[in-house]
Amino acid sequence: MRKKLLFITLFLIALTTCMIGFTACNFSGDNNRDTPPEYGESPTGIILFVGTDFIGIRWAEYADGNYTTEYRLDDGEWLSPASSADEEGYYIRFENLIPGSTHNVSARAAANGSILPSEPFTKQVTLEKAERKDSPEVSVKMAGKTCTIEGFTEEMELGIWVDHSTLEYIDSGTYTFTECGRYNVNVRYKETATHKASEPTRLYATASIFSGGVGTEEEPFLIDTYEQFAAIAEQDEVVSTRRYVYFKLTSDIVFPEEVQEPIAQPSYWLCVDGGGHKIISPKIRSSAGWYTGIFERLVGKVQNLNVESAEIIRTVEQFETSGFSVGIIAGDSSEIINCHVQGVIKLEIAEGEDFGEYSQAPRLKFGGLVGATTDKIQASSAEVKIILPQTVERKYSYFADCGGLAGIGKNASESWGKLGVFGSQEGDCVALSLNVGGLFGQTYGAEIENCYAESNVTAELKEGMPTAYAVDSHFGGLVGDSDNATIKNCYAHYNFSVNNGVRSNTAYVGGIAGKNVSAAANTFAQGAIHDYGGDIKTDGFAFAVSNDGVIENCYCEEGIASLITNVSATSQADLRSASWQREHLNWSEEIWLFHDFGATDDKFYPTLK
């Protein structure tokens, strides 16, 4: 028994000694891990991809051999790669990171059953900044040479092309250019810690002398001084190749006392909006060219413009066979809407030697609003005196078309003219033929509705050069030389004094038209005709109806009869009576204002509201 116990004791002692030796061996191996093991090393690099919000790990590089590797982002946990790469080839993805942020990515040889982890290799990376998908929603507001970006915020920056070649960005939303011109400007969102600068919004800035605007229909150039107004036609460099350029008055414009020349016709087409303001006391003189007025020519539209105390003078210094057009606003114009003028137009013959013999006399056109137009005149008026030469020793013969609204016109609605014409009286400057109308001196195919005219015309026609011309004269309360005019809801109040001294010329004087009309309705004429000699024919309304037109509910004054059927002779008292007018004319009181003379005011005839 004792022998068995001794044997068991010796066996346990031997077993314990072996276990202690085995443990000692293992402990000795762990202490050697503080130095690079003979069979491994730290990575020398990391193959990775940096995006805007993630970092993708592909593998680690070692100088000698390959090891099982684990990875860590900043101070996070060590992670083992997946057993296989994803679709983009990444074994580990660190996701949902902030664009533009900086991180430390570490890799180390992972521990296995016999070693501790290696010293890590660390690589610092910065994520790409995110693309900004939107661009600023802004617009340009101009005031002279200063552009202001409307909608500009601190997040944005303004890019200016310096010398049209170098783009420089500034933090301000306002910039003043040194020269007039058209500039490209960019506005973008600034680069931030997380986002790149956005794609720019590209705009145009038009630096000019005007108070605002860029010259488009939506943003016209704004005018509040005479100097700006006078420069309307000098903007070729500013407006580039645009066909129409738009201007708008923001205050009344007072002309200087000195006589000015007309504003020349530029390469672009002028469109002018008076904004309801006035041009005051323009004194314009021209001695050459086809067109004379405040403007030579307005090919574009003019609207909402008022002119008072105008004096427009066309001087003849050299003989011009082609003639010319003269009006207060312009010599020639397109559409005219809601414009009202008051002033005088004069024809003057400069002193000098006689023009000599000539075979063709010039045709001159004079109109209160415009010398000539083929477009419509709407909701406008003119109070104008046209003074033709009175005493001139220099021989000069001419034909003239004179109208309260236009010398030659086309269509008119809700407009009126108050016309005074004083023709040649003495000397050798003579009118061979005159076409005079309270609205249009000459027209073809006109449509005139809801209009009226008051005319006071003194005309003396004389023989001159060339004497062979046989051109008749036409005077009408609304239209002078009229072919195929259609007239509706109109009236004329007239006083014509005519002396026809041209042997081959007949002067036709009509209450409404000096020639024919194609149709008329709800229209009357009242006035007086004074025949001072020569071949003069008169009619209380017109001289013919063309194209089998219809005349209905039309009237002339008793004593100046009309040969046109359906034109009724009516007493002056009735024609002047508001009650008769309301009962017989069928005019809309939304358009017309009737006056009870002596009861409400001193007016006999309706006026436009």
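All of these numbers come straight from a predicted model, not from anything done at the bench.
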If you look only at pairs with a residue in residues 279-307, which of them pass as a ring pair (Phe, Tyr, Trp, His ring centres under 6.0 Å), with sequence neighbours excluded? F229-F295

Could you list all the salt bridge (Lys or Arg N to Asp or Glu O under 4.0 Å) pairs where at least one residue sits in residues 264-290, not counting sequence neighbours? K278-E308, R285-E348

Rounded at 0.5 Å granularity, tell me how far CD in Q581 sits from NE2 in H595. 9.0 Å

Yes or no on side-chain contact (heavy atoms from CB on, under 4.5 Å) for I337 and K301, after CA distance, side-chain angles and deciding distance? CA-CA 8 Å; I337 299 175; K301 179 170 64 176; 3.9 Å; yes

Test D236 against Y268 for side-chain contact (heavy atoms from CB on, under 4.5 Å), laying out the working first. CA-CA 8 Å; D236 293 87; Y268 45 89; 4.1 Å; yes

Would you call the rings of Y452 and Y491 parallel, tilted or perpendicular, where under 30° means parallel and over 60° means perpendicular? parallel

Minimal non-hydrogen separation, N505 against N500, with atom names: O-ND2, 2.6 Å

Determine whether S579 and S577 satisfy the following criterion, side chain to side chain donor-acceptor pair (under 3.5 Å), listing intermediate values before the conclusion. CA-CA 5 Å; S579 60; S577 166; 2.8 Å; yes

Charged N to carboxylate O below 4.0 Å: is that the case for R582 and E589? yes

Got a sec, which residues hit ring-ring contact (aromatic ring centres under 6.0 Å, His included) with Y555, two or more places apart in sequence or on another chain? W580

Pairing donors with acceptors under 3.5 angstrom, does anything connect the side chains of Q526 and E557? yes

Could you go step by step and tell me if H530 and N495 meet the side chain to side chain donor-acceptor pair (under 3.5 Å) rule? CA-CA 8 Å; H530 306 283; N495 181 33; 3.0 Å; yes

Which heavy-atom pair separates G323 from L364 by the least distance, and what is that distance? CA-CD2, 4.0 Å

Identify each donor-acceptor pair in which a side-chain atom of residues 407-414 lies under 3.5 Å from a protein atom, sequence neighbours left out, and give them as a table.
| from | atom 1 | to | atom 2 | distance (Å) |
| --- | --- | --- | --- | --- |
| K410 | NZ | Y444 | O | 3.0 |
| N411 | OD1 | E447 | N | 2.9 |

When you look at N450 and W592, which way does the side chain to side chain donor-acceptor pair (under 3.5 Å) test go after all the steps? CA-CA 8 Å; N450 293 316; W592 291 94; 3.1 Å; yes

Working to the nearest 0.5 angstrom, can you tell me the gap between T216 OG1 and Y244 OH? 15.0 Å

Evaluate side-chain contact (heavy atoms from CB on, under 4.5 Å) for S455 paired with V436, printing each intermediate quantity in order. CA-CA 9 Å; S455 305; V436 179; over 6 Å; no

Partners meeting ring-ring contact (aromatic ring centres under 6.0 Å, His included) with Y532 (sequence neighbours left out): none

Applying side chain to side chain donor-acceptor pair (under 3.5 Å), which residue pairs with at least one partner in residues 377-387 are found, sequence neighbours left out? H340-S381, K376-Q378

For F255 versus S281, what's the shortest heavy-atom pair and its separation? CB-O, 3.4 Å

State, to 0.1 Å, how close L249 and G274 come at their nearest heavy-atom pair, and which atoms those are. CB-O, 3.3 Å

Is it the case that N547 and S518 place a side-chain donor and acceptor less than 3.5 Å from each other? no

Any chance you could lay out the side chain to side chain donor-acceptor pair (under 3.5 Å) test for T506 and D535, step after step, and finish with the verdict? CA-CA 5 Å; T506 298; D535 186 1; 2.6 Å; yes

Starting from the C-alpha separation in whole Å, work towards a yes-or-no answer on side-chain contact (heavy atoms from CB on, under 4.5 Å) for F594 and Y605. CA-CA 7 Å; F594 294 94; Y605 305 105; over 6 Å; no

Taking all non-hydrogen atoms of both residues, which atom of N489 and which atom of T523 are closest, and how far apart? N-OG1, 3.5 Å

When you check the side-chain N and O atoms of D332 and S325, is any donor under 3.5 Å from an acceptor? no

Quick one: does NZ or CZ of R314 land under 6.0 Å from the six-membered ring centre of F324, within 45 degrees of the ring axis? yes

Interatomic spacing from CZ in R297 to OG1 in T373 - rounded to 0.5 Å: 10.0 Å

Spacing of CG belonging to N499 relative to CD1 belonging to I536, to within rounding of 0.5 Å: 6.5 Å

Has E261 got more than 12 heavy atoms of other residues, nucleotides or ligands less than 6.0 Å from its CD? no

Can you classify the ring geometry of F247 versus F210 as parallel (below 30°), tilted (30 to 60°) or perpendicular (above 60°)? perpendicular

Using 4.0 Å as the upper bound for N to carboxylate O, is an ion pair formed by D481 and K515? yes

For H277 and T250, does a side-chain donor sit closer than 3.5 Å to a side-chain acceptor? no

